2 protein chains.
Amino acid sequence: MRVKYEDMRREFERVLIKRGFTKEKAQLSAKLYADASRDGVYTHGLNRFPKFMASIDKGCVDIQAEPVLVQSFGFFERYDGQKGPGNLNAYECMRRTIELAKEYTMGCVALSNTNHWMRPGNYGLMAAAENCIGILWTNTVPNMPPWGGRDARLGNNPVVFAIPNGDTPVLVDVAMSMFSYGKLESYARSGKELPVDGGFNEEQQITRNAAEILKTHQCIPIGYWKGSGLSLALDLIGATLAGGRTSRMVGELPVETELSQVFMAVSLDKLGDAETLKRNIQETLEDMKTSAPVDQERPVYYPGENMMRIRKESMEKGVLVDEGIWKSVLEM
Amino acid sequence: MRVKYEDMRREFERVLIKRGFTKEKAQLSAKLYADASRDGVYTHGLNRFPKFMASIDKGCVDIQAEPVLVQSFGFFERYDGQKGPGNLNAYECMRRTIELAKEYTMGCVALSNTNHWMRPGNYGLMAAAENCIGILWTNTVPNMPPWGGRDARLGNNPVVFAIPNGDTPVLVDVAMSMFSYGKLESYARSGKELPVDGGFNEEQQITRNAAEILKTHQCIPIGYWKGSGLSLALDLIGATLAGGRTSRMVGELPVETELSQVFMAVSLDKLGDAETLKRNIQETLEDMKTSAPVDQERPVYYPGENMMRIRKESMEKGVLVDEGIWKSVLEM
């Protein structure tokens with residue numbers, strides 16, 4: 001089923017206002033949820049909205065809270081997110097990061113004590129739209145074993161890189177686990193094998209059987225030992241910059257909250273050779289697409305390219321929704 | 001065969017001075033090569049030294065050149081490496097980055113027009129030794145197909161994260177390809193299967209057979225599509241910050257040179273809560289090691305931990321060397 005983007009936004013806004021959000025914040029939050037679904041990131045758009053409402057009800061999110069400046073080092077600022085809504089906190093920090101980048105060439109904001117930021121690509125795209133490179137990451141609750149271990153000690157710590165390229169920026173948005181638990185569940189339901197290794201089975205062997213991985217909860221990092229190191233580094237650097245909780249410390253809490261996040265931006269316009277830089281980026285992307293495809297039916301895409309096609313389709317035909325979830329929102 | 005660390009340093013220094021390096025630069029370069037072998041990174045220590053000599057003979061490296069400041073934005077500076085020796089250029093840029101971090105909390109140097117930096121972990125460890133987080137990466141010649149493609153369009157673009165932790169800092173030093181060509185060759189020679197997927201065979205199927213991957217030259221990125229995106233992002237961001245060549249542009253040259261690199265550092269001492277940050281890092285590392293091992297014989301290590309054990313052994317018993325390569329250096 002498809003729903004008009006504007007209808008989706010309006011519904012989210014209505015529910016959020018009913019829940020006590022100010023009109024301005026409800027509008028922004030609604031836009032961020034609707035944008036995720038519009039761009040094909042269904043898991044962190046409509047599908048996540050009811051869970052967000054539940055987390056407000058549980059008192060994990062303070063809907064009135066806003067990030068508060070803790071320390072300023074010029075181009076680099078530290079904020080306390082005060083357990084505010086994760087998407088609004090992240091939006092505000094990225095907005096401020098871009099502002100800093102436009103003043104200092106590079107800007108950085110580190111945020112402690114925040115909640116799940118939902119779809120991080122939204123904030124990366126904010127940077128690209130302002131002709132800035134965007135780099136951002138978050139830590140999470142421990143949900144992945146370190147390489148060589150069986151018990152979860154690392155987060156999957158999603159990271160985003162956004163690079164301006166006119167209407168179709170590069171958007172790399174990846175977690176450090178090979179597959180999210182949501183993806184594993186969907187493969188397990190369908191009975192299909194994962195396309196590549198996803199985790200360990202009960203015999204401690206690497207497997208593509210999603211159902212078996214859901215039993216052990218031993219998903220694997222991207223690049224095995226490599227992603228294990230990357231995940232650790234993102235957590236330690238993020239928490240250090242933010243002066244906030246590491247994944248380990250988040251794991252001490254009853255629910256996933258008080259996360260640490262980092263936002264960076266670089267303004268291409270401030271670098272002085274913006275036209276050359278723009279052309280170099282464009283030529284790399286064009287060149288990449290000349291690589292002969294492994295599967296003749298599937299040409300090489302760069303990250304973000306396909307998303308822009310989904311967005312166009314969503315705006316023309318409506319945003320694809322899970323009918324059950326959409327109806328539950330209408331009834332909220 | 002094992003060789004005393006000091007003997008190795010002295011030999012490298014002798015050869016470099018003979019080749020025209022100033023005493024000071026020869027000492028530093030010799031130390032960087034010897035340190036790599038000492039820490040177990042044999043591929044970029046002694047084993048790489050003869051290749052470095054050859055690249056000087058071919059005129060790819062200007063041994064007198066030093067990085068020249070191109071643009072300054074306070075905490076962020078852009079340098080032209082002038083095709084100087086890659087390790088000395090990288091050392092100087094990391095040194096300057098740390099200096100900037102100590103002044104501004106965070107420092108960044110982007111370097112264009114440089115050569116292979118040999119073992120990047122050396123520069124990460126410089127940051128950790130100064131109680132700074134170190135983040136650095138380089139682009140390379142295209143040596144890896146983008147996900148979905150058959151022809152190399154991406155570099156493997158190694159990235160390093162170093163995090164201070166007393167005598168045993170965290171050191172994540174990973175390329176974006178699952179295995180280096182050196183590693184693939186060593187597996188092919190031994191006839192052993194790769195421990196995990198490494199690339200495509202001629203039937204365009206993912207394989208663990210190193211010899212088959214060496215035929216197609218289609219190695220795979222870490223995390224498949226994920227590492228493909230990460231590699232692209234590192235290249236575009238690195239080249240943009242440096243105002244230098246992208247991997248595609250490096251591929252236009254007859255040899256791999258004129259690379260782009262980025263160095264970042266964050267001074268923990270400037271953040272104001274250094275003791276808390278230090279404890280949080282330490283506790284995460286201790287916690288990680290409590291994850292029950294998959295293989296009872298192999299406890300969980302954090303990246304860098306094992307390296308410190310190898311270093312200790314090298315200093316006590318001598319540095320492990322390939323006898324043939326060592327003798328060739330003695331004869332230089």
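Note that the coordinates shown come from a computational prediction; the quantities given were computed from them, not determined experimentally. Lettering of chains follows the sequences in order, A, B, ..., and the numbering in each one begins at 1. For the numbers below, each heavy atom of this structure counts, side chains included, while hydrogens, waters and symmetry mates do not.
- The contact between A:M106 and chain B is made by backbone and side chain atoms together, counting heavy-atom distances below 4.5 Å.
- The parts of A:I237 that come within reach of chain B are both its backbone and its side chain, each placing non-hydrogen atoms under 4.5 angstrom from that chain.
- Looking at B:E283, both its backbone and its side chain come within 4.5 Å of chain A, counting heavy atoms on both sides.
- Of the listed residues A:F76, A:Y224, A:F200, the one with more heavy-atom pairs under 4.5 angstrom with chain B than any other is A:Y224.
- With a threshold of 4.5 angstrom between heavy atoms, A:W147 approaches chain B through N, CA, C or O but not through any side-chain atom.
- Proximity to chain B involves both the backbone and the side chain of A:A175, based on heavy atoms less than 4.5 angstrom apart.
- A:L277 and B:G243 get closest at one heavy-atom pair: CD2-CA, 4.0 Å.
- Highest contact tally toward chain A, considering only B:I206, B:V196, B:L234, B:L268, is held by B:V196 [criterion: heavy-atom pairs under 4.5 Å].
- Chain B forms the most heavy-atom pairs under 4.5 Å with one residue out of A:D197, A:V174, A:D173, and that residue is A:V174.
- With a 4.5 angstrom heavy-atom cutoff, A:L230 touches chain B via backbone and side-chain atoms both.
- Within the 4.5 Å cutoff, the side chain of A:R78 has heavy atoms near those of the B:L271 side chain.
- Closest non-hydrogen pair, B:T246 versus A:T284, comes out as OG1-OG1, 3.3 Å.
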Side chains of residues 288-302 of chain B: which donor-acceptor partners sit under 3.5 Å, not counting sequence neighbours?
{"residue": "B:K289", "atom": "NZ", "partner": "B:V300", "partner atom": "O", "Å": "3.0"}
{"residue": "B:K289", "atom": "NZ", "partner": "B:E305", "partner atom": "OE1", "Å": "3.1"}
{"residue": "B:K289", "atom": "NZ", "partner": "B:E305", "partner atom": "OE2", "Å": "2.8"}
{"residue": "B:T290", "atom": "OG1", "partner": "A:R153", "partner atom": "NE", "Å": "3.0"}
{"residue": "B:T290", "atom": "OG1", "partner": "A:R153", "partner atom": "NH2", "Å": "3.0"}
{"residue": "B:T290", "atom": "OG1", "partner": "B:D287", "partner atom": "O", "Å": "2.5"}
{"residue": "B:S291", "atom": "OG", "partner": "A:R150", "partner atom": "N", "Å": "3.2"}
{"residue": "B:S291", "atom": "OG", "partner": "A:D151", "partner atom": "N", "Å": "2.9"}
{"residue": "B:S291", "atom": "OG", "partner": "A:D151", "partner atom": "O", "Å": "2.8"}
{"residue": "B:D295", "atom": "OD1", "partner": "B:E297", "partner atom": "N", "Å": "2.9"}
{"residue": "B:Y301", "atom": "OH", "partner": "B:R309", "partner atom": "NH2", "Å": "3.4"}
{"residue": "B:Y302", "atom": "OH", "partner": "B:N165", "partner atom": "ND2", "Å": "3.3"}
{"residue": "B:Y302", "atom": "OH", "partner": "B:T168", "partner atom": "O", "Å": "2.8"}
{"residue": "B:Y302", "atom": "OH", "partner": "B:T168", "partner atom": "OG1", "Å": "2.8"}

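- Of the atoms belonging to B:I163, it is side-chain heavy atoms, and not backbone ones, that fall under 4.5 Å from chain A.
- The backbone N or O of B:V172 sits nowhere less than 3.5 Å from a side-chain atom of A:K226 that would complete a donor-acceptor pair.
- In this structure, chain A has heavy atoms under 4.5 Å from both the backbone and the side chain of B:I281.
- For B:T240, the parts sitting under 4.5 Å from any heavy atom of chain A are the backbone and the side chain alike.
- Judged by distance alone, the side chain of B:R248 and the main-chain N or O of A:L285 form no donor-acceptor pair under 3.5 Å.
- A 4.5 Å side-chain heavy-atom check between A:M264 and B:M264 finds at least one atom pair inside the cut-off.
- Heavy atoms closer than 4.5 Å to chain A are found in the side chain of B:I135, but not in its backbone.
- Here the closest non-hydrogen pair linking A:Y104 and B:F73 is O-CB, 4.3 Å.
- In plain terms, the two heavy atoms of B:L232 and A:P303 that are nearest each other are CD2-CD, 3.7 Å.
- Using a 30° and 60° split on the angle between ring planes, A:F75 and B:F75 fall in the parallel class, below 30°.
- Contact annotation for B:Q204: both backbone and side-chain heavy atoms come within less than 4.5 Å of a heavy atom of chain A.
- Contacts of B:P195 with chain A are made by side-chain atoms alone, with heavy-atom separations under 4.5 Å and no backbone atom involved.
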